[in-house]
Every structure is written in structure tokens, then in C-alpha cells.
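The analysis underlying the following values was restricted to heavy atoms, covering all of them including side chains, and did not include hydrogens, waters or symmetry mates.
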Amino acid sequence: TVLHLFSGPMLRTDGLRAQLHEIGWDCSDHDIVNAQMQGERVEDHDLSLMSLWDQLHRDLEKGEYDAVVMGTPCETASKARTGPPGPRPLRSAEHIYGLPRSLLSQAEHDQVKLGTFFAIKSAEMASRATELGIPWIIENPDPAGNPVSLFNLPEWEALAGLPEVHHVDLHQCHLGAETAKPTRLLFHKLD
């Protein structure tokens, strides 16, 4: 079984769950959209809840998952936010965890706080999986030319420096995406 965090809609015919099912694997998808779309318990999908992260760590430690895949949200650390014409920046190279509160609206502050929480919890999950010898992948935009990339967070840099952790950069258009969508996969114990 693969633990799939920030999965997006779980019933996508082109999603990871469908692909894994074709080769005989189960997939445990977690994303708030699944609670909204499938009428499931919010507590089972809302990754802003510390209680869900605690439960997922316990499940990982009990051996319920054979691998972890995370598509950690990146909207607060997007290259599109580094200058016009995109939305205004919420982070900078000097303020990788978020611009000073005085420079952000309440909504922006809340957004960057949640984005940072997701990034740090993803790093903690990957670190624990590494300790347990469980393969994992974190997918996020390629950090090239992006000083506010989540890959520049100290927690993600520490992950990248662990033994047997590697990365591969790719353009998703080669896999059927409509645009280039430069992407980095940071991974452990996978070919």
C-alpha cells in the first residue's frame, strides 16, 4: 500500500491510485478534496490537522505502508511569485518561511503559514520513512531559478543530504502534460 499525501481527487482515472491499482497495489489517498467530493470524514483527509499527521506516523510505524508519495502544495513558494506578471511574493530568499507579517495581508499570512506547515510535515514524514527504510517521493516544481522553492527550506535541504536520497528533474510534458511543467522528484530507496 502506498500512502499518497496531497493526492488530489482520489477517483481520477489518470491518477496515481488508478495507476497503482493496475499493478496490484493499494493506495491510501489523503487530500481535503476527497472529503468534499466523496462525502468522507474531513478528519481522514485534512492534512492541516496535526491529529491526522500523528495517525499517519503511527500507521507508518506499524508497517501499514510500503511507500510514501507526497505532492506537497507549492502555491506560496511558486516561481510565478518571484516577479511580474504573477501574484505578489509571499516569501523571499532572505525570508524562506514567509515575508514579515507586516508585509502580508491576514489571508496571505495564513496561506504562507499553512504552506510552511505542509512543507515541514512532509519533510518529517520523509525523514521518518527514511529511518524505517520505507521508500518515499516528494514532488514539487523544479527549483532552478526559484529562490523561494520549498527545496530551499532547511528541512528539505537536510532531506536531500541524507544517504540514498536522490533527485531527478523532468518536464511533465513528456508524460502527457499540456505544458512543460518542470518538476523535481526527491526520493529515497527507489530506482
Once you round to the nearest 0.5 Å, how far does CD1 of Ile120 lie from CG of Leu150?
10.0 Å

Side chains of Ser7 and Asn34 only: does a donor on one sit below 3.5 Å from an acceptor on the other?
yes

Following the transitive rule for hydrophobic clusters with a side-chain heavy-atom cut-off under 4.5 Å over Ile, Leu, Val, Met, Phe, Trp and Tyr, establish whether Val112 and Phe151 coincide in one cluster.
no

Atom pairs and distances, donor-acceptor, side-chain atoms in residues 154-163, under 3.5 Å, two or more places apart:
from   : atom 1 : to     : atom 2 : distance (Å)
Glu155 : OE1    : Tyr97  : OH     : 2.8
Glu155 : OE2    : Tyr97  : OH     : 3.0
Trp156 : NE1    : Ala119 : O      : 2.9

Would you mind reporting whether Val165 and Trp136 have side-chain heavy atoms less than 4.5 Å apart?
yes

Is the count of non-hydrogen atoms from other residues, nucleotides or ligands lying under 6.0 Å from His95 atom NE2 greater than 12?
yes

If you group Ile, Leu, Val, Met, Phe, Trp and Tyr by side-chain heavy-atom gaps below 4.5 Å, do Val68 and Leu52 land in one group?
yes

Hey, does Leu132 have a side-chain heavy atom less than 4.5 Å from the side chain of Leu60?
yes

Donor-acceptor contact below 3.5 Å, side chain Asn146 vs main chain Ala77
yes

Asn140 side-chain N/O to Thr72 backbone N/O, donor-acceptor pair under 3.5 Å
yes

Should Leu190 and Leu170 be counted in the same cluster of Ile, Leu, Val, Met, Phe, Trp and Tyr side chains packed under 4.5 Å apart?
yes

Would a 4.5 Å heavy-atom cut-off, applied to side chains only, mark His30 and Leu56 as touching?
yes

For Ser78 and Cys74, indicate whether the former's side chain and the latter's backbone hold a donor-acceptor pair under 3.5 Å.
no

Same cluster or not: Met70 versus Ile137, using hydrophobic residues (I, L, V, M, F, W, Y) connected whenever any side-chain heavy atoms lie under 4.5 Å apart?
no

Under the criterion salt bridge (charged side-chain N to carboxylate O under 4.0 Å, His left out), I'd like the reasoning laid out for Glu61 against Arg58: C-alpha separation, chi angles, the key distance, then a yes or no.
CA-CA 5 Å; Glu61 290 167 4; Arg58 285 191 297 273; over 6 Å; no

Side chains of Thr1 and Trp25, donor plus acceptor under 3.5 Å:
no

Angle between ring planes, Trp53 versus Phe117, binned at 30° and 60°: parallel, tilted or perpendicular?
perpendicular

Kindly compute the distance separating CG (Leu5) from CD1 (Ile138), expressed to the nearest 0.5 Å.
9.5 Å

Measuring only between side-chain heavy atoms, which start at C-beta, is Leu47 closer than 4.5 Å to Ile32?
no

Looking at side-chain heavy atoms only, is the closest gap between Pro9 and Arg12 below 4.5 Å?
yes

State yes or no: do Leu114 and Met50 share one hydrophobic cluster built from I, L, V, M, F, W and Y residues joined by side-chain heavy-atom distances below 4.5 Å, directly or via other members?
yes

Gln106, CD atom: more than 12 neighbouring heavy atoms under 6.0 Å:
yes

At their closest point, which heavy atom of Asp29 faces which heavy atom of Cys27, and how far apart are they?
OD1-SG, 3.4 Å

Would you check if the side chain of Arg128 reaches a backbone N or O of Glu131 as a donor-acceptor pair within less than 3.5 Å?
no

Give me the atom names and distance for the closest heavy-atom approach of Pro147 to Asn152.
O-ND2, 3.1 Å

Rounded to the nearest 0.5 angstrom, the CG-NE2 distance for Leu16 and His4 is 5.0 Å

Does a side-chain heavy-atom distance below 4.5 Å link Phe6 with Pro73?
yes

Taking Glu64's backbone N and O only, do any of them form a donor-acceptor pair with Asp59's side chain (distance below 3.5 Å, no angle check)?
no

side-chain hydrogen bond (donor to acceptor under 3.5 Å, both in side chains) partner of Thr76, the single match among Arg91, Glu108, Lys113, Arg81:
Arg91

Between Arg184 and Ser149, do the side chains contain a donor N or O and an acceptor N or O under 3.5 Å apart?
no

From Leu186 atom CG to Ser122 atom OG, the distance as rounded to the nearest 0.5 Å:
11.0 Å

Thr183 and Asp169: side-chain contact (heavy atoms from CB on, under 4.5 Å), yes or no, with the steps?
CA-CA 6 Å; Thr183 301; Asp169 297 330; over 6 Å; no

Working to the nearest 0.5 angstrom, can you tell me the gap between Ile96 CD1 and Glu94 CD?
9.5 Å

Test side-chain contact (heavy atoms from CB on, under 4.5 Å) on Leu3 and Met125 and set out the steps.
CA-CA 11 Å; Leu3 174 60; Met125 180 63 73; 4.2 Å; yes

To the nearest 0.5 Å, what is the distance between CD on Glu164 and NE2 on His166?
6.5 Å

Using side chain to side chain contact (heavy atoms under 4.5 Å, CB included) as the criterion, list what pairs up with His171, not counting sequence neighbours.
Cys173, His174, Ala180, Pro182

Pair His45-Asp31, side-chain donor/acceptor within less than 3.5 Å
no

Run the side-chain contact (heavy atoms from CB on, under 4.5 Å) test on Glu139 and Gln172 for me, step by step, so that the C-alpha distance in whole Å, both residues' side-chain angles and the decisive distance to 0.1 Å come before the verdict.
CA-CA 11 Å; Glu139 176 270 331; Gln172 290 191 33; 3.7 Å; yes

Assess the residue pair Asp26 and Val2 against the criterion (side-chain contact (heavy atoms from CB on, under 4.5 Å)); give the C-alpha distance rounded to whole Å, side-chain angles, the decisive distance to 0.1 Å, and a yes or no.
CA-CA 6 Å; Asp26 288 325; Val2 171; over 6 Å; no

